[in-house]
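Source: prediction; values computed, not measured.
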Amino acid sequence: MQLQSKNQLRRRGATLTAQGFKKLNQAKAEVEIEQNFKRYTLEDLSEKTGLTPNTLSKVFNASTGVDKRTLECCFNAFNLTLLKDDYLYLESDKDNIAEISSMSMNETICPIESVCNSRSNSPQTHKMERFPKGRQSRTLDNLQPRRTTVPGGQMPLDSVFYIDRPILESLCYEAIQEPGALVNIRAPKQMGKTSLMTRILAYANSLGDRTVSVNLQLADDEILQNLERFLQWFCVRVSKQLDLPDAANFWDNSLGSKSNATDYFENVILSLRENRSLVIAIDELNELFAYPDIAREFLLLLRTWSERAKESDADINPWHKLRLVTVHSTEILMPPSINPSLLNTGLVIELPEFTPAQVQELANRWGEEMTVQQIEQLITLLGGHPYRLQLAFYYLQQQTVTLEELLQNSAFVTTIYAEHLEQQWWNLQGYPDLLPSFTEIVKQSNFVDCEGVQASQLYKMGLMHLHGEMSSLACELFRPFFGDRLLQINS
């Protein structure tokens with residue numbers, strides 16, 4: 001009986017211990033050094049080991065158990081021997097499972113830099129290009145252990161669950177290398193805007209640039225509604241991150257606020273004594289839309305700064321070092337008093353929903369094996385919306401819901417997305433003139449002919465898709481929820 005019990009446990013799968021993770025990652029890092037710092041991707045390792053990317057994701061993410069022979073295969077690929085202390089069976093030692101789930105990145109990941117330092121006592125560091133050829137590679141050095149928190153907010157740089165958008169990312173990485181670059185990132189909430197912004201800043205850092213991130217949600221309302229106070233606040237936020245003198249000491253009340261801010265940037269922040277470029281990312285720009293006059297003046301100022309960077313020679317023009325990235329949510333519709341061209345200057349990046357191939361890749365990283373038909377059904381239910389998909393895979397992994405139950409779009413599924421749906425409803429209620437058109441779209445399962453301006457606004461809010469002159473609901477998850485809410489207000 002004891003032997004039978006042991007075999008049952010083994011069939012549940014094995015996972016690497018902290019020691020096993022460290023040993024495997026260190027061996028992999030050493031090989032990457034010998035290959036001139038060429039990082040392994042899941043696809044590279046698949047060719048090296050003969051295992052599928054989905055199986056390798058399970059090994060490095062510790063999301064589910066795998067066969068012991070799979071672990072041996074990974075170790076053998078790097079001339080290692082899998083020892084008893086390198087792995088454990090998932091149900092044989094619950095305390096060790098908890099330890100794996102809570103392992104810090106320092107315990108599990110051995111980056112190339114640390115291997116380089118261990119090989120030499122020289123103080124020289126090996127500077128690596130983190131984003132070769134203008135894009136971030138999804139390498140296994142960056143994989144996190146099993147995700148235990150509910151998805152939401154910015155995705156960490158080392159998250160395996162971040163899905164690359166190679167073309168858009170490459171455009172952004174190339175743009176911020178140009179003097180006076182102005183990159184405008186826009187999309188509905190929870191589409192990955194801030195995550196992309198963070199990766200742009202990380203890429204700039206890898207080039208040796210200075211970087212600053214300013215989130216306008218940190219500004220109080222009384223600051224946002226006064227141009228003088230807002231520009232002074234903005235300058236202070238930038239100077240603090242760069243450890244520069246306080247802007248208040250340079251403010252001249254006899255000059256206008258825009259002149260003060262411009263002079264402070266030119267004489268202090270962009271001083272010719274500092275030879276590195278400066279990338280400033282402004283998140284939640286939509287916070288200013290409630291104050292159209294302030295928003296218009298600030299956007300004009302940013303455009304002026306961008307244009308000044310393209311004037312004269314770089315050796316005598318401090319503005320040559322400036323690059324700007326703005327991020328805003330499109331649910332907050334821009335007031336008509338603001339010229340749309342102010343947000344269409346420079347490189348405009350509108351984040352699209354995930355494609356079926358990207359959804360399949362995300363499923364693989366979560367360790368979910370899905371057919372093409374199931375992927376299509378999931379997109380019909382949730383759209384290609386990154387947050388809704390991440391949340392679905394999280395609850396599937398937690399075994400809160402099965403895939404079959406999820407695809408049925410039951411009342412329980414609505415409960416899982418309750419907070420997200422309520423946020424969508426709150427956004428829509430701010431624009432009552434859109435309710436009649438949206439009600440018609442919710443009622444119809446086929447394409448609907450929607451008036452142009454309203455169709456564009458509902459699309460920007462992430463509530464519907466456009467098909468030429470026709471429109472459809474963004475996802476079936478919305479239909480029962482909004483159908484009920486709209487019936488209540490119309491009855």
Side-chain angles (χ1 to χ4, degrees), residues 36-39 112-113 125-139 142 154-155 157-158 162-187 192-214 234 238 241-242 244 262 265-266 268-283 285 299 301-328 342-352:
N36 295 321
F37 300 102
K38 181 181 182 297
R39 300 288 186 102
I112 289 179
E113 289 91 336
T125 58
H126 294 259
K127 182 177 179 181
M128 298 187 314
E129 185 179 356
R130 295 184 184 179
F131 308 86
K133 296 183 180 179
R135 60 166 293 190
Q136 182 179 12
S137 175
R138 182 57 39 200
T139 64
N142 298 327
Q154 175 186 323
M155 307 255 340
L157 286 172
D158 54 8
Y162 178 79
I163 299 298
D164 293 314
R165 292 175 165 108
I167 296 177
L168 296 184
E169 289 164 3
S170 295
L171 288 172
C172 293
Y173 298 155
E174 292 170 8
I176 62 166
Q177 298 180 59
E178 297 297 323
L182 184 54
V183 179
N184 297 294
I185 303 172
R186 62 185 67 168
K193 301 182 300 299
T194 303
S195 295
L196 174 58
M197 180 198 81
T198 303
R199 281 154 180 80
I200 294 173
L201 294 180
Y203 176 70
N205 273 322
S206 76
L207 299 177
D209 297 343
R210 296 179 296 164
T211 60
V212 169
S213 176
V214 180
F234 179 75
V238 173
Q241 294 184 54
L242 297 174
L244 293 172
T262 301
F265 260 74
E266 182 169 326
V268 179
I269 293 177
L270 300 174
S271 170
L272 289 173
R273 290 173 293 180
E274 176 59 69
N275 198 34
R276 293 183 297 163
S277 298
L278 172 64
V279 182
I280 300 178
I282 305 166
D283 201 4
L285 184 66
L299 291 172
L301 184 61
L302 294 182
R303 187 168 70 177
T304 299
W305 288 353
S306 173
E307 292 172 349
R308 293 186 74 169
K310 301 166 187 174
E311 299 173 358
S312 67
D313 188 74
D315 295 334
I316 59 174
N317 182 8
W319 294 95
H320 195 270
K321 291 175 285 194
L322 183 65
R323 292 95 167 92
L324 296 166
V325 179
T326 65
V327 177
H328 77 273
L342 293 176
L343 277 172
N344 291 326
T345 303
L347 175 65
V348 176
I349 299 293
E350 296 187 1
L351 291 187

**OP:** State, yes or no, whether a side-chain contact exists between Asp283 and Met197 at a heavy-atom distance under 4.5 Å.
**Re:** yes
Original post:
Does any N or O in the side chain of Arg165 come within less than 3.5 Å of the main-chain N or O of Pro352, such that one atom is a donor and the other an acceptor?
Top reply: yes
Original post:
Closest approach of Lys310 and Gly180, non-hydrogen atoms and distance?
Top reply: CE-O, 4.1 Å
**OP:** Taking Lys321 for its side chain and Ser271 for its backbone only, find out whether a donor-acceptor pair lies under 3.5 Å.
**Re:** yes
**OP:** Could you tell me which non-hydrogen atom of Tyr162 sits nearest to which non-hydrogen atom of Met155, and how far apart they are?
**Re:** N-CE, 3.5 Å
Subject >> Contact check, side chains of Pro179 and Arg323, non-hydrogen atoms, under 4.5 Å >> reply: yes
Original post:
Of all residues at least two apart in sequence or in a different chain, which pass the ring-ring contact (aromatic ring centres under 6.0 Å, His included) check with Trp305?
Top reply: Phe265, Trp319
Original post:
Quick one: salt bridge (Lys or Arg N to Asp or Glu O under 4.0 Å) partners of Glu178, sequence neighbours excluded?
Top reply: none
**OP:** Mind listing the closest non-hydrogen atom pair of Leu278 and Thr211 along with its distance?
**Re:** CD1-N, 4.4 Å
Original post:
Just by distance, do the side chain of Thr198 and the backbone of Thr194 share a donor-acceptor pair under 3.5 Å?
Top reply: yes
**OP:** Quick one: list whatever passes salt bridge (Lys or Arg N to Asp or Glu O under 4.0 Å) with Arg210, sequence neighbours left out.
**Re:** none
Original post:
Excluding sequence neighbours, so at least two apart, what forms salt bridge (Lys or Arg N to Asp or Glu O under 4.0 Å) with Arg308?
Top reply: Glu266
Original post:
Do the side chain of Gln241 and the main chain of Ser213 share a donor and acceptor less than 3.5 angstrom apart?
Top reply: yes
Original post:
Of all residues at least two apart in sequence or in a different chain, which pass the side chain to side chain donor-acceptor pair (under 3.5 Å) check with Glu307?
Top reply: none
Original post:
Among Asn344, Thr345, Thr326, which residue meets the side chain to side chain donor-acceptor pair (under 3.5 Å) test with Asn184?
Top reply: Thr326
**OP:** Output all residues satisfying salt bridge (Lys or Arg N to Asp or Glu O under 4.0 Å) with Arg186, sequence neighbours left out; order by chain, then residue number.
**Re:** Glu350
